[in-house]
Protein chains: 2
Amino acid sequence: MREEHTIEPNELIESYLANEDIIYEATQIFDALSDYTRFQILSALCVSSKSVSELKDLCHVTQSAISHQLRLLRDRGLVFARREGQHVIYSLADEHVATLMRVGLEHAAETVSVEGE
Amino acid sequence: MREEHTIEPNELIESYLANEDIIYEATQIFDALSDYTRFQILSALCVSSKSVSELKDLCHVTQSAISHQLRLLRDRGLVFARREGQHVIYSLADEHVATLMRVGLEHAAETVSVEGE
DNA sequence: TGAATACATGAACAAATGCTCATATATTAT
DNA sequence: ATAATATATGAGCATTTGTTCATGTATTCA
């Protein structure tokens, strides 16, 4: 399966590639998704908004580690937080993120099943 | 324009999230796209296959830097190489990559235009 | 065969990353 | 007010990352 295929010239991509800022922003999103802990956080938030402690339990890391990663995700505009009593509830801020994760997981699922032969 | 929205429970995502290997593989793809040089390489290859020296000129980095990054991309199965005389021609190995870049660039374009107000 | 061109690769190093530990802040309950 | 719970954050540290420099290999041409 994987024969040599031609990818039709992608005009969208070409038009953006001239803009350094856009390329940099794009790499920042992918960077956010490139860490195991952050990927877990974001995918958990894809399903529903969650408090810091819920995320901490789901990801099996310390509270501090989660908070540091949440700060990074906040700074990059991928999640937003609202306080609710003692808790702070985080939500996905962007629908593109869910799309990216879906496509990334599809690719990953194929790769894993192929190499796992 | 960004009101609070609900993301419908994504069954695909949920089904993959149990598998650690798949999550790890996914983060590896995103990691490949998270570096400026690599992103340039991959987007150039989205348009058409290219030799190492063509990529070097496009990305404005040294030949060594390009080769090191190409090795990483090869190891992760995102590109493949074929020799053609003195040249080695690199091509995209996976169509998912183009999709990911397209979505990432769309997100980035919105973000940049919003913050640039 | 020898020189030139194209590409690959190991070592080294500075910079970035992700975590832990300690501590600070905010909210609620007593 | 005090204690308890939930979250945030700075400093420090080990690891990873991306590059450069030097050198190695492959191919073509004279």
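The analysis underlying the following values was restricted to heavy atoms, covering all of them including side chains, and did not include hydrogens, waters or symmetry mates.
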Any B:Arg71 side-chain N or O less than 4.0 Å from OP1/OP2 of C:dC7: no
Distance below 4.0 Å between A:Tyr90 side-chain N/O and D:dA6 OP1 or OP2: no
Whole angstrom value for the distance that separates C1' of D:dG18 from CG of B:Asp75: 15 Å
Joint hydrophobic cluster, A:Leu45 plus A:Val61, side-chain heavy atoms closer than 4.5 Å: yes
Sugar-phosphate only, base, or nothing, as touched by A:Ser67 at under 4.0 Å among non-hydrogen atoms: base
Any residue meeting side-chain hydrogen bond (donor to acceptor under 3.5 Å, both in side chains) with B:Glu106, in chain and number order, not counting sequence neighbours: none
Between C1' of C:dT9 and CG of B:Leu70, the distance in whole Å: 13 Å
Protein-nucleotide distance (A:Tyr36, atom OH; D:dT16, atom C1'), rounded to Å: 19 Å
Nearest-Å distance for atom pair CZ/P, residues A:Arg82 and D:dA6: 17 Å
Contacts of B:Ser48 that satisfy side-chain hydrogen bond (donor to acceptor under 3.5 Å, both in side chains) - sequence neighbours left out: B:Lys50
Salt bridge (charged side-chain N to carboxylate O under 4.0 Å, His left out) contacts touching residues 67-76 of chain B (sequence neighbours left out): B:Asp31-B:Arg76
Value in whole Å for how far the P atom of C:dA4 lies from NE2 of B:His87: 17 Å
Under the side chain to side chain contact (heavy atoms under 4.5 Å, CB included) test, residues paired with B:Arg83 that sit two or more places apart: B:Val88
Partner set under side chain to side chain contact (heavy atoms under 4.5 Å, CB included) for B:Tyr36, not counting sequence neighbours: A:Glu20, A:Ile23, A:Tyr24, B:Gln40
A:Leu92 vs A:Leu78 side-chain heavy atoms within contact, under 4.5 Å: no
Contact list for residues 90-114 of chain A, test ring pair (Phe, Tyr, Trp, His ring centres under 6.0 Å), sequence neighbours left out: A:His96-B:His107, A:His107-B:His96
B:Gln86: side chain to side chain contact (heavy atoms under 4.5 Å, CB included) partners, not counting sequence neighbours: none
Separation of atom NE2 in B:His60 from atom C1' in D:dG18, rounded to whole Å: 18 Å
Rounded distance in Å - CZ (B:Phe80) to C1' (C:dC7): 18 Å
Angle between terminal axes - the helix from C:dT1-D:dA30 to C:dT30-D:dA1, 5 pairs each end, rounded to 10°: 10°
Value in whole Å for how far the P atom of D:dT5 lies from NZ of A:Lys56: 13 Å
Output a table of nitrogen or oxygen pairs between the protein and nucleotides 27-30 of chain C separated by less than 3.5 Å.
none

With B:Asp35 via side-chain hydrogen bond (donor to acceptor under 3.5 Å, both in side chains) - residues at least two apart: none
Under 4.0 Å protein heavy-atom contacts per nucleotide of nucleotides 11-24 of chain C, with B for base, S for backbone only and - for none: B------SSBB---
Partner residues of A:His87 under the side chain to side chain contact (heavy atoms under 4.5 Å, CB included) criterion, sequence neighbours left out: A:Ser51, A:Ser53, A:Ile89
